[in-house]
Amino acid sequence: MERRDFLKKTILAGVAASLSFDGLQAALSPSSSSNNLTVESVPDMVAVMGGEPAQLLERALKEMGGISKYIKKGQSVVIKPNIGWDKKPDFAANTNPELISALIKQCFQAGAKKVTVFDHTCDNWQRCYTNSGIENAVKAAGGTMLPGNDEVYYKTVSLPKGVKLKSTKIHQALIDADVWINVPILKNHGGAKMSIAMKNYMGIVWDRTYFHSNDLQQCIADICTWEKKPVLNIVDAYRCLRKNGPQGRAVSDTSLLKTLIISKDIVAADTAAIGLFNQVEKMDIAQVGHIAKGEQLKLGTQVLDRLNVKKIKL
Amino acid sequence: MKHSPLKITRIVLAILIFVPLLLFCCDFAHGLPRSFHALAHLQFTPALLSGSVIILVLLLLLTFLFGRIYCSVICPLGVLQDFLAKLNRGKKKRNNKRKREYRYTKPYNILRYSLLGLCIIFLIFGNITLLGWLDPYSNFGRIAVNIFRPVLVAGNNLIAWIAMQMHSYSFYHVTLHTVTVASFCFAFAALLLVAVLSVWRGRLFCNTLCPVGSFFSLISRFSLFRVKVDESKCTHCGLCAKSCKAECIDSKKGEIDHSRCVVCFNCLERCNKEHALHYTFAYSKPKSQSAPAPEQVKGMNRRAFLATSTALAATLPLLPAWAQSKKEIDPTKLTPITPPGSRSLKHFTERCTACHLCVTHCPMQIIKPAGFNFGIEYAFKPHLVYYEMAFCNYECTVCSQICPNGAIERLTRDEKQTTQIGIAQFEKSRCVVFVENTSCGACSEHCPVQAVRMEPYGDTGLTLPHVYDELCIGCGGCESICPVRPVKAINILANETHQTAIRPKEEKIEEVEELDFGF
């Protein structure tokens, strides 16, 4: 290829790539608001207990009206698990890989064009991806693992509803995606007290140091006000990290709960998960400041009685 | 020109060692098998410092049998010089008039043996600064890691950027944090030096500055196989001298200085008309009348010997002064954190020649070359620097697996997890929880051994970090994530001698009884 040719093609490709996204897509894609208008009696939250991760997910999604209610044909999907730590699955520091694998398969069944998975890890990203078992699970299910290790992948977005955090850099893949699914694991957490669905948002941003030095709990609530909400929050409580979170020191820090909680309401999902957690380890929800702050920012409700909650034991 | 099979063998072997070693030094993606580090272990200085007797014996034997093959085949800096010289000379061949040719020169014995002697004396005193600065392998390592690697990374990032514009993440962007101004300048100076010397006069570096070359020259004088001049055939045309990059063939006299010959076989190829040069057993009975080569080799003459000894003796008084200077360093401010496996600052300083292999291979990019901040003896040697998102991974033992010098000794994962390289020092007056009254706990979050724990403080429900020294391993997880600037609220103070941390007791796994939803 001549140099001129190469340059031309590269520029064309670049232009083409930039054309196909952003404004156009936002206008065309079915946004979460249109989903809210459906009148079917779908529960606001489903909790399933007593099965393997894939079984739990299958049942829970069925009760939520099926995955195709949330993911449309041809959409590009980003799944955001917690892959923060260089730990094996038994340590419950990262989302269960079997769950991620099952979810990717569901997305493809719903006709997703592309399913990508990433996290801005706390430890070395390649080691986290590998040792969490998630990289293999994703590849086996036909998904794509993205790097999240460098600032070049992050783009600034504004958060007009944020109290302390007014703008931050979010991973490009998430900005480009049609829909995304938030798949945290239920964990105790040294700083934020608990790490569930809201705290999992910290893995989509580049600069976490800002969070820690500017009222962590408020910043967690603020980042959740980003206009592009996940279509589902799927809390992995198959094995939870009871103490010494977020990394855990040993398998003895974990408890096998074999539970999954799904909701569109992120505050409700976290509230329910803490209720479940309290059976194995005491945790006052008032200590988990970001949940109340999220409710104040109208991200959801802590009053589960107001919601249509479906609980199933397999 | 008919190629000499010996020369071709030499080139092929050299490439087989050089290319993998170069790639291993530049392997920013950590994609190559770790077994490649064996090539670094083959090098003389690392073998000497790590006490690898078998490799040392093999190298000495190799030199005694065949001459300084080491310099032509195994030494990556030697091969790099050949490559640089070739680049230049290859071009000028087209213009025959301007083509630079080598010519015989006399050896710089005083210089080379003084340097060698100094290196040895310092080494005996436990100071390897000079050896490290002159060592060919370490210089090659520094050049590859600090100059070639960034170039490769830049290329990778360009490709990754183009791919990203097409929404492909098959390549990932790499930001290098481990090339410092000092390490780059030092490596660049070394590259410039060997480039100039090799383009100008071939293997001049190897025969003047290089302590390894000088050491091998003492053995190669007596090597069993060597290039010999067949006096009956030699016409003293001088072609061989013109092709000799070691500038050690005196064609007029028909003599070869085997102390400088790196056995590259270029002369054999050049002397293809008369076939007057042969690589043969040195001590066979000569066919012609000329005396056997060994006697002709000019050893160090008396004058050179005296001058060398005097020069060495003159520097002796300097040694204690040098040795003392390190004691003046204030340990609380200026102690470098050495990698797990390096046992102590002393152990590490006495063995590391700063080849920077660990710098490339640290997956967390926390091993950085020092400047002169820890004194001249520690200059350019790597130390651990904890910064944003970068700390010593709890499960990782890479640096201890690849260090060829034995400066970082092999650790199992279990050993590493209890090796205390330093202890976290918490400063409450700077902590955001104390200053701002907001929750943080990032330090505790990142602690893999629960040595930093969040404990209740005041009646606000807030928790403040507390460090349990006996559990801390100094990995810097806490320091790396602490949001306080400019000085963090939690910092690792190096242990000059590494200690063993207590591994927390394993607790029993509790079975969950009768579980309900709980909400």
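All values below were derived from every heavy atom in this structure, side-chain atoms included, with hydrogens, water molecules and symmetry-related copies excluded. Chain A is the first sequence line, chain B the second, and so forth, proteins listed ahead of strands; every chain is numbered from 1.
- For the pair K88(A)/E395(B), no side-chain contact is recorded, criterion being any heavy-atom separation below 4.5 Å from C-beta on.
- Of the two parts of K187(A), neither the backbone nor the side chain holds a non-hydrogen atom closer than 4.5 Å to a non-hydrogen atom of chain B.
- Heavy-atom contacts from other residues, nucleotides or ligands closer than 6.0 Å to CZ of R485(B) number more than 12.
- Of the two parts of V174(B), only the backbone, made up of N, CA, C and O, holds a non-hydrogen atom closer than 4.5 Å to a non-hydrogen atom of chain A.
- Between Q172(A) and Y169(B) the shortest heavy-atom distance is CG-OH, 3.6 Å.
- Of the atoms belonging to N437(B), not a single heavy atom falls under 4.5 Å from chain A.
- Annotation: maximal heavy-atom pairing with chain A below 4.5 Å, among P448(B), G477(B), C482(B), occurs at P448(B).
- Residues R127(A) and C396(B) approach most closely at NH1-CB, 3.7 Å, considering heavy atoms.
- Looking at I261(A), only its side chain comes within 4.5 Å of chain B, counting heavy atoms on both sides.
- Around CZ of F171(B), the count of heavy atoms belonging to other residues, nucleotides or ligands within 6.0 Å does not exceed 12.
- Here CD1 of I481(B) is found 6.5 Å from SG of C122(A). Values are rounded to the nearest 0.5 Å.
- The CG atom of N157(B) lies 7.5 Å from the CG atom of D150(A); values are rounded to the nearest 0.5 Å.
- Proximity to chain B (any heavy atom under 4.5 Å) is restricted, for L256(A), to the backbone atoms N, CA, C and O.
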**Prompt:** Does the side-chain hydrogen bond (donor to acceptor under 3.5 Å, both in side chains) test come out yes or no for T175(B) and E151(A), once each step is laid out?
**Reply:** CA-CA 9 Å; T175(B) 304; E151(A) 197 169 357; over 6 Å; no
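- A distance-only check finds a donor-acceptor pair linking the side chain of Q279(A) to the backbone of D516(B) [under 3.5 Å].
- With a 4.5 Å cut-off on non-hydrogen atoms, V452(B) does not touch chain A at all.
- Other residues, nucleotides and ligands place more than 12 heavy atoms under 6.0 Å from the NZ atom of K313(A).
- No other option in S480(B), C447(B), P465(B) has as many heavy-atom pairs under 4.5 Å with chain A as C447(B).
- Ranked by heavy-atom pairs under 4.5 Å with chain B, the list S195(A), A173(A), S252(A) is led by S252(A).
- Scanning all heavy atoms of the two residues, the minimum distance from I312(A) to F517(B) falls at O-CZ, 3.3 Å.
- H120(A) touches chain B through its side chain: at least one heavy atom from C-beta onward sits under 4.5 Å away, while N, CA, C and O do not.
- Within a 6.0 Å sphere centred on NZ of K139(A), other residues, nucleotides and ligands contribute 12 heavy atoms or fewer.
- Neither the backbone nor the side chain of Q365(B) comes within less than 4.5 Å of any heavy atom of chain A.
- The most heavy-atom pairs under 4.5 Å with chain B, out of K243(A), K258(A), Q218(A), K87(A), come from K243(A).
- Ranked by heavy-atom pairs shorter than 4.5 Å toward chain B, the options M145(A), Q126(A), H212(A) are led by H212(A).
- In terms of heavy-atom pairs under 4.5 Å with chain A, the best-connected choice from M454(B), R453(B), Q450(B), E445(B) is E445(B).
- The candidate with the highest count of non-hydrogen atom pairs below 4.5 Å against chain B, out of T254(A), N244(A), L146(A), N214(A), is N244(A).
- No donor-acceptor pair closer than 3.5 Å links the side chain of Y153(A) to the backbone N or O of M164(B).
- M364(B) approaches N124(A) most closely through the heavy-atom pair SD-CB, 3.1 Å.
- V449(B) and R249(A) make their closest contact through O-CD, 4.2 Å (heavy atoms, listed as atom of the first residue, atom of the second, distance).
- No other option in V280(A), D123(A), L216(A) has as many heavy-atom pairs under 4.5 Å with chain B as D123(A).
- Because its NZ or CZ atom is both nearer than 6.0 Å to the ring centre of F519(B) and within 45° of the ring axis, K311(A) counts as a cation-pi partner of that residue.
- For chain A, the option among N393(B), V433(B), T463(B) with the highest count of heavy-atom pairs below 4.5 Å is N393(B).
- In terms of non-hydrogen atom pairs under 4.5 Å with chain A, the most contact-rich of P363(B), S444(B), A390(B) is P363(B).
- Ranked by heavy-atom pairs shorter than 4.5 Å toward chain B, the options A272(A), G190(A), P147(A) are led by A272(A).
- Atom OH of Y172(B) sits about 7.5 Å away from atom CG of N149(A), to the nearest 0.5 Å.
- Within the 4.5 angstrom heavy-atom criterion, no atom of C443(B) approaches chain A.
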